Amino acid sequence: MTLSVSRRDFLRLGGGITAGTALAGLAGTGADLGPVTVRAQESRIKDVKPFRSVCPYCAVGCGLLVYTEKGADGKNKIIDIEGDYESPINRGTLCPKGAATFQLHVNPNRVTKVLHRKPGATEWEVMGLEDAMNRVVQLTKETRDRTFVEKNEAGIPVNNSLSIFSLGGATMDNEWNHIQQKLMRGLGVVAIENQARI
Amino acid sequence: MAECHPVAFRWIMQAKLKGAKLIHVDPRFTRTSALANTYAPIRAGTDIAFLGGIINYVINSKRWNEEPFFKEYVVNYTNAATIIEESFKDTEDDEAAGRFSGLAQYTGDPLNGFVGQYDNKTWQYKGTQATDQGRTGSTGQSGEQGVQSGNEDTNLPEVPKGPPYDELVKSLLKPPAQLDTTLKDPNCVFQLVKTHFSRYTPEMVQEITGCPKEKFIEVAETLLQNSGPDKTSSFAYALGWTQHTYGPQMISCCALLQLLLGNMGRPGGGILALRGHATIQGSTDIPTLYHSIHGYMPHPSAAKGKKHDSLNDYLTAETLAKSYWSNMPKFMVSYLKSMYGEAATKENDFGYDWHPKITGDHSHMPMFLQMMDGKVEGMFCMGQNPAVGGQNARLQRKALSKLKWLVVKDNFEIETAVFWKKGSPEVEAGELRPEDIQTEVFFFPSNQVAEMDGSYTNTQRLAQWHNKAAEAPGDCRSDMWFTYQLGKRLKALYANSTAPRDEGIKNLVWDYEIDDETAKLRDAELQITGADDAAKHEEEPEGEPDIRKIVREINGYQSADKTKHLANFAELKDDGSTTCASWIYSGIYPAPGKLIMNNRDADPALSDAGKPTLGWGFAWPANRRILYNRASARPDGTPWSEQKKLVYFDPNLTVDPVTKLPYTDLKTGEPIKGAWVGDDVPDFVKNKKPDYQPPEGATGLDAHPGTAPFIMKFDGKGWLFAPTGLVDGPLPTHYEPVETPIKQNRLYPQQLHSPVYKRWERDDNQYAAPGDPQYPHVMTTYRLTEHHLSGVMSRWLPWLAELQPELFVEIGEELANDLGIGNTDMVRVSTPRGSIEAKALVTRRIRPLTIKDGDTDKTVHHVGMPWHWGWQGLARGSVVNDLSSLVGDPNVAIHEAKAFVCNVEKA
Amino acid sequence: MTPSEFFTVAPHWTWWIVFYFFVGGIAGGAFLIAALLDLVGGPEDRQVSRMGYLIAFPAISLGLIFLVLDLNQPLRFWHMMLENHTFMPSFKWYSPISFGSWIIAGFQAFAGIAFLAALVGPGDKPRSGPLRPFHKIVYGMGFLSKLFLILGSIFALGTAGYTGILLTVTNRPVWANTNLMGWLFLFSGVSTAVATLILLGIRRKAIGEDLLHRLARFDDWLLIGELLLIVAFLASIWEILSSGVLPATWYTGWGLVFAFVVIAGVLAPLILTIRSRSLTRSSATLAAVLVLLGGFALRLVAVMSSETIHQLERVAGG
Amino acid sequence: MATMTQTPARREPHGFFTDTTVCIGCKACEVACKQWNQLASETGGQQPLSGDSYDNTQRLDGMNWRHVKFIEQFSADPQRTQQSRWLMMSDVCKHCVRAGCIEVCPTGAIIRTEFDTVVIQADTCNGCRACISACPFGVIDINENAKVAQKCTLCYDRTTIGEQPACSKACPTASIQYGPLNGPNGLKAKAQERVQQLKEQGVDQAQLYGADDKIVGGLNSFYLLVDRPQVYGLPENPQLPSRNLGPSSALTTVGAAVMGLLGLVSLRKKRMDHFAGQPADRER
């Protein structure tokens, strides 16, 4: 899937939910310079109760507020992500990355299909989620069983396989880290690493 | 800090507005330097010389020797007074040989890359032995380095077998250390430190680091004046210290200095590591790291020199008789119960033999070398991008092509997922042909943070819950979904296997199904928090695990009844009656409905006043915010000063201010008077009096006096001198980076590099010789505010990509003029590993430094490159890590991408 | 201190605007000359004045089309005169584009009527038909027609001159540094109109010797005026020219065009027509063409010299 | 021309005080502004490196309503002893008390809000671009998406519901502060205090830009600078476009009058020739 973002796409990118948020609906007068009534463009977060979240970027752990509205499909659609005033860590402020968290979610470049590459192939092919999972399970079991070492030469039980390597974890939830290292160690995979060492 | 942790820098600016002095020491003048009161330039890789210089300056200063606070803090709270074995030899001995005693040839597995190996027998406290586990899980200990400590006690009593393991713990008691509180004894730690750094004079610092002497003195003097009873100074560092072949030594050198200045355990003091990923702290606590299991317990190891054959052997080798680590058996048994549940019984050592063991250094670099040699078949790459972030990235990308199968899970089509495809440097250069690469590659799209529940632990050990706000698009699934489904389907295949090697996976507890118990957990939360987002029962995507059951397993519960969560790690037992995966996280979920990580009710004004906000999230252990905060009070329990008061002893307190319950002695039941209180959760036994002296034969924290703040060290003291824990020396020593522009170490002429580091010399990972004229400039890699690490979460976002669109090389104006390079000219940067092109950003923010190579002056130029770019995404560029090398520090195998050498020429 | 105008941003007024200024000037000038000929000229001037009316309306309409096309929202051109929420007329006396829009609208009305009248031609009275009332207004009502022509001329002058005012009521370098742009555009505009009528007149043999002389003499006065105005204009923007901020290419580029305007657009036609005694039709034609070219070049350099000055990021110092 | 919409009760003038001495150039304001206003990125990161220090946005326009500037001031000697400073500043619309853009806007699209800030109404603007030429600070330009002139609205839709503007809320070091301008604890009072504090610390060039009424009547978004305004790319004596209205119109009217006379004189048919019936001196 080549990156199909043409220049026009970028322009639309930001305008994802423009719907005139940028002050489209205001009236005014031409005659004098004084202040005038303006039908203030309704702020899209007016009376919306935000979800409490945490910034996914660095380890400072800034608090985020995620505002949503019901989309056409009845499901929640993210319309704004900004800092959480009450967090004692950031008091509503953010850095450029944290402030861009919305575009981490609403972004046409996101992959939304499972991709599979056959050995020797030059392109991806789209694969069903179930088929891909079962294929990975099959490969994992086959490799683990074939390369499993129960005892080392000194006869001490080692129960490990060094032919499978699990990389990653510093950007994933604590809960995932727990079940990933638990599953790997359950299988005997001891080569587990993440960005703490890079 | 302003570059990569701008919001943390908010508080630095608030302090500066209130008159605090901000010092920034960095090879480059960065956005942090722009706001600093003092900017000190430094040659990359010479921080130990700089810090050692400050230690030397402080020890010999008038203020340090006359102000009573410093001596009182150092004698009581650090091991300065401890006498070390006479046979110990410092780097200053034998005409400054630059080596400690105990250095020997390394005879282990060459894959581990050790160039030498210390035996720390001679580093021990005189007449006693600290068992080899200094509680820092390091490759040295749990890996392949046989580290025996203390004199060989041949007549060890037969170690009784638990549970209960109290007898085992008692059997590990060692005689106490010998002290000279006058700090005069030539073999006491203080004198050893004094002589070790005696030649780190301001002149020497200038000759090594290139930082002008006056600037260095200004930094040292500012630190000294701003430390004391009523003032504290703190350090913040990031990978600028970590990524060296002596990284851990650099950080412990700062710890040594902060202990001397009495800044540890006190508000506004200490050392803050500015870590780079949302939950990198969480992923080292709940470790997806090979060398340790939950709660920093070392991973069972079958390496030479390690005796972990049985559970008893493991506990004997790793438990400390004194300090809180005496509870290791409770932590380990509870952990094994969380792994194997009902199947883990007293009889089968709670399933210890099913648990795998490590057999050497399985860290990132050696694994990729194994992969390059075809010994690794399958790989899971979850939310990481080694094709850009890995050192010697060309080797790592070629290694990926040797895999049989690779599973990548991320949000965007990252470089690691398409190393085989047209566009990757190797395919473009014809070094790899897609048709020849036999790797089967899967790409599973991921949810983003607002599309799933979960928690991150930030760099202050604070775990915070993020609540799901919306569904993820298409086939995106949470990372929990992937691993849970993988485990569930694998266990189904192993369900009726009879092979003994499958016992482990068969008995592995994997009961995270969403069922009515899930609804109960969520309803309990609704009653307490009333937050509707927490109790949202929208159906999760099919196959999603119940994340609250996972948190319960981490927090721990009574093995007999899952609804009885553990309140904290004090409830852990070593007989299997308690199940708890991570003892340090125990307390995050003390009862159904009380998800402390989701607490958001702290008063923000507290943080403005610089006070801990205990009501926000959960900081392990036990929601403590400043570790070892007993040190924020005098030995007699009173605060050092009103301004720096944090935790102190209130002698006539009878009722606990938090729980409102009267203090009672657990054993005898009588009421107790006097307890530790303050703004933070005290990091001390609640009712232990400051003048308490431990009785003979006491174990655990009972063995520590009332003046021992460092409850995790076996002697309860902050270590200026580390008899064990680090494998490359008890005291930080300046060595040159492996690739250095000079031929001779100014301080230790015969010892250019660290005598113990990990070196993998091979044709695809060559190193530049010291002072190699082909690679004359000092190269350093770093990050920018606008991008995130390997760029996966920023180069695909137009709003961020447009802020820093292209890779650039930061070159000083002087070097640019010499080479005839103009601003934004295309230049070629090359190292023995490879070369890349990028535009030059010529700036005066980088200045030439004059240092000494032997006795001759030498001008050194720094060349800097941010390493975010890759050939995918919107903002594209060469992979800077094609230039760095695979070389590692011996303790944790961290690479040295902060200081190596390169050549620059017009492209 | 660096002139503040260098810290502003160009409004992307380029070719459409240059063309509008050019045809706007001709439209205004043509109507004015036609009206003057009818008011003070002789009967034999009717042919040329009719041509003036026939030029004015199409020219200003064409100009308006250029203006609408130049808008980023062409369909909202009516916002210039009606407030789009209340549909009330909107007139801001201090905004040149606002009062300019009303001037052009007014002028278009006058030019339109004159155009319809001119369709019939001055001489014979149309017996009936839709054009009769217009003809009556322009030609038939004695004092009222004179009033119509005078008012029309005022709007014509407005149309030819307000564009200059518009450029000065900005903060752009060159434009905002002078107050003479209006006067200069006025003289240059009418001069191009004279040239146009001379050319058409000669081609259609509708122009007698005497009228040719009178037109040529009028044009000479305009050209002399333009010359003086150009000198005063350069003096008024000396602060920008001597600021040292502009690149050399700016001077060589626009300087060259400006030299062409002065030499070919003003001096040459002046020399050709000043000795009216030896005025031949060919020299009058040549002069007229040069005036037209010069007029266009003047507007080109007036607009583009400022448009091509990019915002100054900062001034080294400190 | 009276209008139908009635004028809201005028509230305390609000605006920004930007203390550039605590700005760390992190550009959170640029991104937070784009996120709230859903402004697209013109180039999506595929434009060349600017080479101007860490500033790749280069200027304010219809798509970039915030722009962080980087000014490197280092002496040429290797130790950078004489000067070693890296100024950073987040530039934005100044919301002038007397706004040049409002003066020239023919359609009434640009209005003065009850907070005394200046807002361009996207549905009224027809893209005549006069405001772009009139703004003394070069802040406005055409938004390629909306095809109208656009600039910072001081988050008019947020402030009316009591929220802070997106950029001042996001700014980690509170370099951008939002609030009422006047009054004892207004932004101007705070700014004066800060200048005093800096002067005591020896930063004698600390100055406020736009806090008084000398610059176009005062700026509702004013700055604390530590060098001459033009070093930051700010004009030192910005003018209002209307300064030329009077003289320019007068001179043009005089020109018109002269034109009229010249016309009459030149084009007048000689009376005598007319009556005498001889043709004018055609032969000569």
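Chain A is the first sequence line, chain B the second, and so forth, proteins listed ahead of strands; every chain is numbered from 1. Quantities reported herein were computed from a predicted structural model and do not represent experimental measurements.
Using a 4.5 Å cut-off between heavy atoms, L849(B) does not touch chain D at all. For chain D, no part of Q14(B) is nearby; none of its heavy atoms comes within less than 4.5 Å. For chain B, the nearby part of E30(D) is the side chain; its heavy atoms alone come within less than 4.5 Å. Using a 4.5 Å cut-off between heavy atoms, E786(B) contacts chain D through its side chain alone, with no backbone atom that close. Contact of L841(B) with chain D is made through the side chain alone, with heavy-atom distances under 4.5 Å. Q47(D) touches chain B through backbone and side chain together, each having a heavy atom under 4.5 Å away. Interface residue Q35(D): backbone and side-chain heavy atoms are both found under 4.5 Å from chain B. Heavy atoms closer than 4.5 Å to chain D are found in both the backbone and the side chain of L17(B). Contact annotation for D19(D): neither backbone nor side-chain heavy atoms come within less than 4.5 Å of a heavy atom of chain B.
In this structure, N817(B) has no side-chain hydrogen bond (donor to acceptor under 3.5 Å, both in side chains) partners at least two apart in sequence or on a different chain. Evaluation of the ring-ring contact (aromatic ring centres under 6.0 Å, His included) rule for Y39(B) yields F29(B) as partners, not counting sequence neighbours.
Across all non-hydrogen atoms, the minimal contact from W869(B) to V388(B) is O-CG1, 3.5 Å.
A ring-ring contact (aromatic ring centres under 6.0 Å, His included) check over residues 4-24 of chain B, counting only residues at least two apart or in different chains, returns nothing.
Residues H95(D) and C152(D) have side chains in contact (heavy-atom distance under 4.5 Å, counting atoms from C-beta outward).
Classification of E42(D) and K34(D) as a salt-bridged pair fails, no side-chain N sitting under 4.0 Å from a carboxylate O.
Your options are S84(D), C23(D), A76(D), S50(D), and the one with the most heavy-atom pairs under 4.5 Å with chain B is A76(D).
A cation-pi contact, defined as under 6.0 Å to the ring centre and within 45° of the axis, links R28(B) to Y782(B).
The contact list for residues 164-183 of chain D toward chain B, using heavy atoms and a distance under 4.5 Å, reads C171(D), P172(D), T173(D) by residue number.
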